[in-house]
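Note sheet for the following structure.
Numbers for residues simply follow the sequence, beginning at 1.
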Amino acid sequence: MKSSGITRLFGFAAVVVSAWSMAASTPLHAQSGDPGFDNYVQSLWPKAQARGVSRATFDRVTAGLRYNARVVALDRDNLGAPPSNDTPIPNFAPYKAKHVDAARIGGGRRVHDRLLPLLSRIEARTGVPTSIMIAIYGHETAYGQVTGNFDLPEALATLAYEGRRRSLFEPELLATMEMVERGVPRSVLKGSWAGAFGYPQFLPSVYLRVAEDGDGDGKAEIWRSEADAIESIGAYLRNAGWRAGQP
């Protein structure tokens, strides 16, 4: 899952807070300038309510959302010819050369050594080798360095409204609302244009299904805690049917 780098605008904190206060007190239809998009977002309220989302949470998640043309462009750029029985299996060597480079290997060794006690505990519980968990962590976000800076609800709302894959993205948008209802801060919902977030780049529905607390604080903060992220990677693979001792 591709993500762009995180931009931290600490110097503009006061401006952001002020803008957010204005957005939260302004009706949604007055913000977007796209009535079709606004009406679609508001039409999701009954579905969100059916999932246990309060009106306050719904309004907090959707306030200020705008149709993001950049997200749609990236989605269309990602289109390719659908695979068929005649589609040749791509060569592995070019993929390996691009994704298994010296920086990622060196970083993986350092992170593996630093987190080895944690990794070993998770391996003992899940049967997933420490090297596999670190490989996923490194490949998805370069060990937490590149997690994406798209607003998750906005990206998902845009993709759902655009309609090509609404059956995928609308449930993920509703899942973000459910995450906030369960206590995930609205401010941490940043990720890739396609809706993946956190160190392991989970979709919101995957977070709700498998994310686990790895550091014992009672929260599964995969966007901040390496322990939570790696625990959740192990849980994801275990839930997917990982069997210990098999290649």
Side-chain angles (χ1 to χ4, degrees), residues 1-6 68-112 119 122-123 126-150 152 155-156 158-160 162-173 175 190-207 209-211 222-223 226 229-230 232-247:
M1 289 170 238
K2 298 179 180 178
S3 310
S4 56
I6 296 176
N68 191 323
R70 174 64 176 155
V71 167
V72 174
L74 288 167
D75 185 45
R76 290 175 179 171
D77 287 345
N78 199 48
L79 288 172
S84 70
N85 292 335
D86 298 325
T87 303
I89 297 173
N91 292 326
F92 180 65
Y95 178 90
K96 180 181 178 182
K98 180 178 180 180
H99 294 276
V100 187
D101 54 17
R104 203 159 308 204
I105 292 169
R109 287 173 174 157
R110 290 190 296 272
V111 174
H112 184 274
L119 290 164
I122 297 172
E123 179 178 359
T126 65
V128 181
T130 63
S131 58
I132 296 293
M133 291 183 280
I134 286 296
I136 292 174
Y137 183 25
H139 178 73
E140 291 295 344
T141 59
Y143 312 106
Q145 297 181 64
V146 185
T147 56
N149 62 0
F150 285 89
L152 226 58
L156 290 167
T158 296
L159 291 166
E162 188 265 348
R164 185 175 70 86
R165 293 191 285 170
R166 181 171 292 180
S167 61
L168 168 63
F169 291 116
E170 183 178 289
E172 295 299 337
L173 174 59
K190 302 287 184 181
S192 77
W193 63 264
F197 80 112
Y199 292 161
Q201 291 288 277
F202 281 175
L203 288 171
S205 63
V206 175
Y207 174 86
R209 182 166 54 88
V210 305
I222 64 169
W223 55 89
E226 287 183 311
I230 295 170
S232 298
I233 290 170
Y236 176 93
L237 292 171
R238 183 185 66 236
N239 278 272
W242 184 278
R243 286 181 279 182
Q246 296 192 16

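- Once rounded to the nearest 0.5 Å, the distance linking CZ of Arg209 with CG of Asn239 reads 6.5 Å.
- Partners of Glu170 by salt bridge (Lys or Arg N to Asp or Glu O under 4.0 Å), not counting sequence neighbours, listed by chain and number: Lys47.
- Between the side chains of His112 and Thr130, a donor-acceptor pair is found at a separation under 3.5 Å.
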Practice problem: Given side chain to side chain contact (heavy atoms under 4.5 Å, CB included), test Arg164 with Asp75 step by step and report yes or no. | Solution: CA-CA 10 Å; Arg164 185 175 70 86; Asp75 185 45; 2.9 Å; yes
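- Taking every heavy atom of both residues into account, Met133 and Ile122 meet most closely at SD-CG2, 3.5 Å.
- Under the 3.5 Å distance criterion, with hydrogens and angles disregarded, a donor-acceptor pair is assigned to the side chains of Glu226 and Tyr137.
- Other residues, nucleotides and ligands contribute at most 12 non-hydrogen atoms within 6.0 Å of the OH atom of Tyr236.
- Taking both residues in full, the closest heavy atoms of Leu152 and Pro204 are given as CD2-CG, 4.2 Å, listed atom of the first, atom of the second, then distance.
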Quiz item: Which is it for Trp193 and Asn68 under the side chain to side chain contact (heavy atoms under 4.5 Å, CB included) test, yes or no, and what are the steps along the way?
Solution: CA-CA 10 Å; Trp193 63 264; Asn68 191 323; over 6 Å; no
Quiz item: Would Thr126 and Leu237 count as a side chain to side chain contact (heavy atoms under 4.5 Å, CB included) if you check the C-alpha gap in whole Å, the side-chain angles of each, and the deciding distance to 0.1 Å?
Solution: CA-CA 8 Å; Thr126 65; Leu237 292 171; over 6 Å; no
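- Panel note: side chain Trp242, backbone Gly127; a donor-acceptor pair is recorded below 3.5 Å.
- Note on residues 232-245: pairs passing salt bridge (Lys or Arg N to Asp or Glu O under 4.0 Å), not counting sequence neighbours, are Glu212-Arg238.
- Counting only residues at least two apart or in different chains, side chain to side chain donor-acceptor pair (under 3.5 Å) contacts with residues 101-111 are absent.
- Closest non-hydrogen pair, Ala175 versus Ser205, comes out as CB-N, 3.8 Å.
- More than 12 heavy atoms of other residues, nucleotides or ligands sit less than 6.0 Å from atom CZ of Arg165.
- With rounding to the nearest 0.5 Å, the separation of CZ in Phe150 from CZ in Arg70 is 6.0 Å.
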Quiz item: Passes side chain to side chain contact (heavy atoms under 4.5 Å, CB included), Gln201 versus Thr147? Steps please.
Solution: CA-CA 7 Å; Gln201 291 288 277; Thr147 56; 4.3 Å; yes
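- Two residues are said to be in side-chain contact when any heavy atoms from C-beta on lie closer than 4.5 Å; Lys190 and Trp223 fail this criterion.
- Considering every non-hydrogen atom in both Gly195 and Leu156, the closest pair reads CA-CD2, 3.9 Å.
- Asn91 approaches Pro94 most closely through the heavy-atom pair O-CD, 3.4 Å.
- A salt bridge does not link Glu172 with Arg166: none of the charged nitrogens is closer than 4.0 Å to a carboxylate oxygen.
- The backbone N or O of Ala196 lies less than 3.5 Å from a partner atom in the side chain of Ser192, making a donor-acceptor pair.
- In terms of modelled atom types and a separation under 3.5 Å, the side chain of Thr141 and the main chain of Tyr199 share a donor-acceptor contact.
- Aromatic ring centres of Phe202 and Phe197 lie farther apart than the 6.0 Å criterion allows.
- Pairing each heavy atom of Ala211 with each of Ile222, the nearest pair is CB-CG2, 4.4 Å.
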